[in-house]
Engineer: 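Below are the structure tokens for one structure; questions will follow.
Worth knowing before you read on, the calculation uses all heavy atoms, side chains too, and leaves out hydrogens, waters and symmetry mates.
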Amino acid sequence: MVSWRVVRGARLGAMGRWLTVVGAAGGAGLLLLSALGWALGHAQPGTGAGVRLVWCLLPVAVTVQLAAAVARAQPLGWPNSGLAAVGLGRTATVLIGAAGAALACAVGSGLALLLFVYLRGDLGGVPYSGSASGVLGAGHHLPVAGAATLLSVVPLTAAGVAAAALWQPKPARKPGAAPVGLPWGVALTATGLAVQVSAPRGDALPLPSGLGSVSPATAAGWLIASAGLVVAGPGLVHLCGRLLALHRPGAMRLLAGRALQQEARRIGRPLGLLCATATAAVAAYDLQNGDGQRLGPLTAFAAGLIAVCVLAIAGTAVLEARSARARSTAALRDLGASPGLLRGAVALRAGVLLAVAIPLTAVIAGLATVPATR
């Protein structure tokens, strides 16, 4: 509870990040409960309850990553000397971050259960009868053990991932050294695209909202390509920084390039995750237009939840980088650097990353064909 007592008096940004985790966990919990409600209302075999649960893994995964990112960002502003003075070492910091992530996700899951039960009419009201009411399983007994098991997935997984992220030792490389994952990321992305292009048309894995179906090989290829983008992200950001600082750079170009090289490991993977999400969104949009099928409310809700979580992860990484760069910025100001120069370097970094990420996303989205069948 130490971290939550600190959060009560924290700035609006820290509170907003934790509230975002609570909301994301609540959304993921609602999706998991909707799969359970669909299974209760459609007990016949072959109704796709298991497939609905499988597609819930995507929003659950990004929610867990968001919780881990927020838990990892929280101790950055804590004074290590002050923590040591009260007997909190590295292990205690890891446990505090993991417990904070688990508690935030548990609060969100509890709110999701309360809303789900209310919509079912189990609290004495009238069951919801509007759009997507078929996933509530109203009129059927809600198994407590099943609901508790589903809702415990996000808090427990978030605690484990947050602990692993906080426990990772800092790399013993010199500052600005190039990450080693770029070749592996490129290889994974190329392999994933090759698997998607060569995958046979199949109907083993139906897509949400009646958008057809894909073969397991297509889904596996997309996962491999997405993992490749995440792995290649730090190396790609570092490469952008090196190219930006080449050939007699001026002060603005030198500052922007060196900053990108320093921040490559911190912002590279969120950037790769953002690109992977954008490629999936483009592919889904093309598939929707080709079939003339509109997204259902649950699919739209899941897509919005994924987008919010990915954007929040990227925003948290940017805030981490800004916090880590605070001393350097203060030193530059003491040396007489103008505010316009510092703002220009920030704008130049953002422009270079966008100039690389947008075409890369468009190319990969164009190559990532999704062979769907009705």
Engineer: Once side chain to side chain contact (heavy atoms under 4.5 Å, CB included) is applied, do any residues pair with A219, and if so which ones, sequence neighbours excluded?
Structural biologist: L205
Engineer: Given the rule that I, L, V, M, F, W and Y join up when any side-chain heavy atoms are under 4.5 Å apart, are V356 and L244 in one cluster?
Structural biologist: no
Engineer: Are side-chain heavy atoms of L311 and L274 found at a separation under 4.5 Å?
Structural biologist: yes
Engineer: For residues 230-237, which side-chain N or O atoms pair as donor and acceptor with protein atoms under 3.5 Å away, sequence neighbours left out?
Structural biologist:
none

Engineer: Tell me who clusters with L354, hydrophobic residues only, linked when side chains sit under 4.5 Å apart either directly or through other members.
Structural biologist: I358
Engineer: Identify the two heavy atoms, one from A264 and one from P179, that lie closest to each other, and give their separation to 0.1 Å.
Structural biologist: CB-CG, 4.3 Å
Engineer: Can you establish whether the number of heavy atoms outside R258 located under 6.0 Å from its atom CZ is more than 12?
Structural biologist: no
Engineer: Show the nearest heavy-atom pair for residues T316 and A69, with the distance to one decimal.
Structural biologist: CG2-O, 3.8 Å
Engineer: Check whether R72 reaches the backbone of L166 with its side chain - one donor and one acceptor, N or O, closer than 3.5 Å.
Structural biologist: no
Engineer: Tell me whether L360 is reachable from L193 by hopping between hydrophobic residues (I, L, V, M, F, W, Y) whose side-chain heavy atoms are closer than 4.5 Å.
Structural biologist: yes
Engineer: Among the clusters formed by ILVMFWY side chains lying less than 4.5 Å apart, do L260 and M252 turn up in the same one?
Structural biologist: yes
Engineer: Run the numbers on L255 and L348 for side chain to side chain contact (heavy atoms under 4.5 Å, CB included), then give the verdict.
Structural biologist: CA-CA 10 Å; L255 286 176; L348 184 58; over 6 Å; no
Engineer: Testing the basics here: between C240 and V352, what is the closest heavy-atom pair and its distance to 0.1 Å?
Structural biologist: CB-CG1, 3.9 Å
Engineer: Can you list every side chain to side chain donor-acceptor pair (under 3.5 Å) pair that touches residues 95-121, not counting sequence neighbours?
Structural biologist: R120-D122
Engineer: Is there a path of hydrophobic side-chain contacts, each under 4.5 Å between heavy atoms of I, L, V, M, F, W or Y residues, that connects L113 with L40?
Structural biologist: yes
Engineer: If you take all heavy atoms of A302 and L31, which pair is closest and at what distance?
Structural biologist: CB-CD1, 3.8 Å
Engineer: Using the salt bridge (Lys or Arg N to Asp or Glu O under 4.0 Å) criterion, which residues pair with R242? Sequence neighbours excluded.
Structural biologist: none
Engineer: Specify the closest pair of heavy atoms between L305 and G27, including all atoms of both residues, with the distance to one decimal.
Structural biologist: CD2-C, 3.7 Å
Engineer: Looking only at heavy atoms, what is the nearest atom pair of R253 and P249, with distance?
Structural biologist: NH2-CA, 3.1 Å
Engineer: Please list, one pair per line, the donor and acceptor atoms closer than 3.5 Å that link side chains of residues 136-163 to other protein atoms, with sequence neighbours excluded.
Structural biologist:
from	atom 1	to	atom 2	distance (Å)
T149	OG1	A145	O	2.7
S152	OG	A148	O	3.3
S152	OG	T149	O	2.8
T157	OG1	V153	O	2.6

Engineer: Quick one: list whatever passes side chain to side chain contact (heavy atoms under 4.5 Å, CB included) with T329, sequence neighbours left out.
Structural biologist: R325, R333, L342
Engineer: Do L254 and L341 sit in the same hydrophobic cluster, where Ile, Leu, Val, Met, Phe, Trp and Tyr count as joined when their side-chain heavy atoms come under 4.5 Å apart?
Structural biologist: no
Engineer: Rounded to the nearest 0.5 Å, what separates atom CD in E263 from atom CG in L271?
Structural biologist: 12.0 Å
Engineer: Do T361 and L229 have side chains that approach each other closer than 4.5 Å (heavy atoms only, starting at C-beta)?
Structural biologist: no
Engineer: Where the side chain of R52 meets the backbone of L36, is there a donor-acceptor pair that is under 3.5 Å apart?
Structural biologist: no
Engineer: What's the spacing between L223 CG and L57 CG if we round to 0.5 Å?
Structural biologist: 10.0 Å
Engineer: What is the distance from atom CG of L239 to atom CD of Q261, rounded to the nearest 0.5 Å?
Structural biologist: 9.5 Å
Engineer: What distance separates I267 CD1 from E320 CD, expressed to the nearest 0.5 Å?
Structural biologist: 11.0 Å
Engineer: Considering residues at least two apart in sequence or located in another chain, which fulfil the side chain to side chain contact (heavy atoms under 4.5 Å, CB included) criterion with L58?
Structural biologist: W55, W222, I306
Engineer: Calculate, to the nearest 0.5 Å, the distance between atoms CG and OG belonging to L298 and S34 respectively.
Structural biologist: 5.0 Å
Engineer: Does L66 have any side chain to side chain contact (heavy atoms under 4.5 Å, CB included) partners at least two apart in sequence or in another chain, and if so, which?
Structural biologist: T20, V21, A24, V70, C309, A312, I313
Engineer: Whether the side chain of S323 engages the backbone of L319 through a donor-acceptor N/O pair (distance < 3.5 Å, no angle test) should be reported.
Structural biologist: no
